[in-house]
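Please read all numbers here as calculations on a predicted model, not as lab measurements. FYI, side chains are in, hydrogens and waters are out, and symmetry mates aren't considered; it's all heavy atoms of this structure.
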Amino acid sequence: MQDHERYTCNGSVDIRGHSASKKHTGKWRACYSILDGEFCGAMGYYGLGYLSMVQKKSNVAAASNIASWQGTCYLTPLLGAFLADSYWGRHRTIVISLTMFTIGMVLLTLSAVIPASMHTRVISPQEFLSSLGLFLTALGLGGMWPCVPTFGADQFDDTDRAEKVQKELYYNWYYFTVNGSFFLASTLLVWVQDNCGWGWGFGIPTLFSAIGIAGFLACMKLYRYQKPGGSALTRICQVVVAATRKLHVDVPDDSSLLYELSAKESAISILLSTFRCNFSASIFFLYFSDKLTTFAFRFFDRAATITSSVEKFLDTPNPWKLCTVTQVEELKILARILPVLLTGIIFNTAETLFPLFIEQGEVMDNYIHGFFIPPATLTTFNCLCILILAPSYNKVLVPILSRITGINRGLSELQRIGVGMVFAMLALVSAALVEMVRLDIATKRGLVHRNSAVPLSILWQGPQYFFVGVAKVFTVVGFIEFAYKQSPDAIRSLCQACPLIMMTLGSYLVSIMLKFINSVTRKRGSHGWIPENLNEGRLDQFFWLMAGLQLLNVLALVYCATRFRRKLGT
């Protein structure tokens, strides 16, 4: 049996550092514990969203603490991804992060069971344990979120056609796991917290987190590992500095004259090792080796341009003056995918508007056949949509879409992202139409100046929640797949953290827009678009504005997609 049939060809190794066996490592048997760890972490995260009831603080203080904690959770992935790509590796980062998260959950559990009568002059044990627990859980999530989807995808070899298909299925199951944990946290876990006490409410996800750590450690022999490639941020800075130093240097037309190390010497040789096993792929790589440097961003090629015979024969040239072609290409690939990732900012505003959806639902008819339907419960409709659509995507939608597009997996990553963005726009169009009808009924019934519900069933909000769910299945999973496949091999975890940062920036954008629009539309005695009494406002105008931004975002993505050059081998 040839090596490419026995071992993976994507540079992955087993726990001993040897080439990973296709038969004994990786694939779905290795992914079960990975998804289990993500499930435990996600359930703990969503369960903590109700911490305000435990802290027994004012609504403003509790909301402020939770908002600060959530913001920290979406920023710490940059640190976790950097450590995983540069030094620790993804598996070690996940284990350390999950352990840190579990310790934080233990502290939160203790804060919930310590008698309230215990207090000191400076800070009570409850507040201290709660604050420290929140800090540790935020750090733990920062290492888990960018590494779990990437480490799971590492278990499948892209050079093996069968495994490549399974990897695409993994992305859907990963997102299914995340939303399954949200559904259980917002239903079963909330019931336990309300009926059995917050000690049990925090204790259960803590127990699951401990099980997740045990699962990660027990399956170490099954995993495939990618070796960390050193500090990617340092390499990127070196390219920028070296290219800037050579502003007046002409780049040679023959890219083979640019500086490069051999694969054995390179610190980031994964790009070369990907092609080492398959003979036809090796011929492909050799044929295009002189075209490896892309024409785009040619300015950075100066960093790899040899300016003197001294530099050419130096064993270890100054990396701040002369960089390798691989380093330059790493920066170029990152520069190409960044515009696509930035479109995630506008996309994520759709889900960020859920609080406004809930406020809209509060002034609608919340009774269905005599049963009261809390507006916030409709968010579970969005979750159920994801839980149904995510696992059925490959079995139902892919065969239909492949007949239309001619692509085996139905849609490319960029097409999948685009389809989801269209549904995000439709969600806001639906919300705007519902609000227009609601305001029209309020005018006809003389309810404009009364802060009361309008006789319009809350079920009319169903489509907007449904469209957001469909949008997330397409776009969020599309971003995960795109970030893994098209990112530089040595900084995949860092690129997986970028969509999380886009979520944070999307929330900030909505916050800024709400404040700005509120100040502008309240001039000249007007109530503004979003007053306390929505019957006097024009919430529909705000939804139309956000739908327009989503449309512009779709057009921006189309423009980026037409100019995007895929990474070799994808």
Side-chain angles (χ1 to χ4, degrees), residues 42 45-46 49 63-64 66-82 138-139 141-147 149-150 175 178 233 236 334-357 382 413-414 417-418 420-425 427-428 468 471-472 474-484 486-487 491-519 542-543 545-561 564:
Y45 168 76
Y46 291 121
S64 177
I66 295 299
S68 300
W69 174 73
Q70 288 177 333
T72 305
C73 288
Y74 284 112
L75 290 177
T76 51
L78 286 176
L79 175 62
F82 172 75
L139 284 179
L141 290 169
M144 292 166 57
W145 281 350
C147 293
T150 311
Y175 199 54
V178 172
L233 295 180
I236 290 171
L334 185 61
R336 283 201 300 269
I337 69 173
L338 190 58
V340 175
L341 296 177
L342 287 174
T343 60
I345 298 175
I346 300 295
F347 168 77
N348 283 298
T349 60
E351 187 176 12
T352 306
L353 292 175
F354 272 12
L356 284 180
F357 287 6
N382 166 74
E413 307 99 87
L414 290 175
I417 292 171
M421 288 181 174
V422 170
F423 276 100
M425 179 185 67
L428 294 169
V468 172
K472 289 170 67 178
F474 277 90
T475 299
V476 174
V477 178
F479 270 128
I480 295 172
E481 187 176 358
F482 175 81
Y484 184 88
Q486 302 304 324
S487 62
I491 54 173
R492 278 175 168 164
S493 297
L494 193 62
C495 291
Q496 284 290 354
C498 288
L500 299 173
I501 303 303
M502 299 307 117
M503 293 178 66
T504 303
L505 295 178
S507 299
Y508 289 158
L509 178 61
V510 169
S511 178
I512 293 171
M513 289 188 65
L514 284 171
K515 292 178 180 178
F516 175 75
I517 289 174
N518 187 53
S519 63
F542 182 74
F543 285 148
L545 174 63
M546 298 306 295
L549 284 179
Q550 293 287 349
L551 175 60
L552 293 176
N553 199 43
V554 172
L555 297 177
L557 178 70
V558 171
Y559 176 78
C560 293
F564 183 75

Working note: Leu514 + Leu356, criterion side-chain contact (heavy atoms from CB on, under 4.5 Å); need CA distance, chi angles, decisive distance, verdict. CA-CA 11 Å; Leu514 284 171; Leu356 284 180; 4.1 Å; yes
Gap between atom [atom2] of [Y] and atom [atom1] of [X] - 0.5 Å precision:
X      : Y      : atom1 : atom2 : answer
Met503 : Trp145 : CE    : CH2   : 7.5 Å
Met425 : Leu552 : CE    : CG    : 10.5 Å
Ile491 : Thr150 : CD1   : OG1   : 11.5 Å
Phe347 : Lys472 : CZ    : NZ    : 8.0 Å
Ile480 : Leu500 : CD1   : CG    : 8.5 Å
Leu494 : Ile236 : CG    : CD1   : 7.5 Å

Does some side-chain heavy atom of [Y] sit less than 4.5 Å from a side-chain heavy atom of [X]?
X      : Y      : result
Thr349 : Leu549 : no
Ser507 : Asn348 : no
Leu545 : Met513 : yes
Phe564 : Gln486 : yes

Any idea how Phe474 and Phe423 line up, ring-wise: parallel (<30°), tilted (30 to 60°), or perpendicular (>60°)?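 Geometry flag for Phe423 against Phe474: parallel rings.
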For the backbone of Met421 and the side chain of Thr475, can you confirm whether one donor and one acceptor N or O come within less than 3.5 Å of each other?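 Yes; judged by distance alone, with no hydrogens or angles, the pair exists.
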Please name all residues satisfying side-chain contact (heavy atoms from CB on, under 4.5 Å) with Tyr559, sequence neighbours left out, ordered by chain then number.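 In terms of side-chain contact (heavy atoms from CB on, under 4.5 Å), with neighbours along the sequence ignored, Tyr559 is linked to Arg563.
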Show which side-chain atoms of residues 337-346 pair as donor or acceptor with protein atoms under 3.5 Å away, not counting sequence neighbours.
from	atom 1	to	atom 2	distance (Å)
Thr343	OG1	Val340	O	2.4

Could you check whether Phe354 and Phe357 have their ring centres less than 6.0 Å apart? yes
For Gln496, what residues pass the side chain to side chain donor-acceptor pair (under 3.5 Å) criterion, not counting sequence neighbours? none
I need the minimum non-hydrogen distance between Ser487 and Arg492, along with the two atoms involved. OG-CG, 3.2 Å
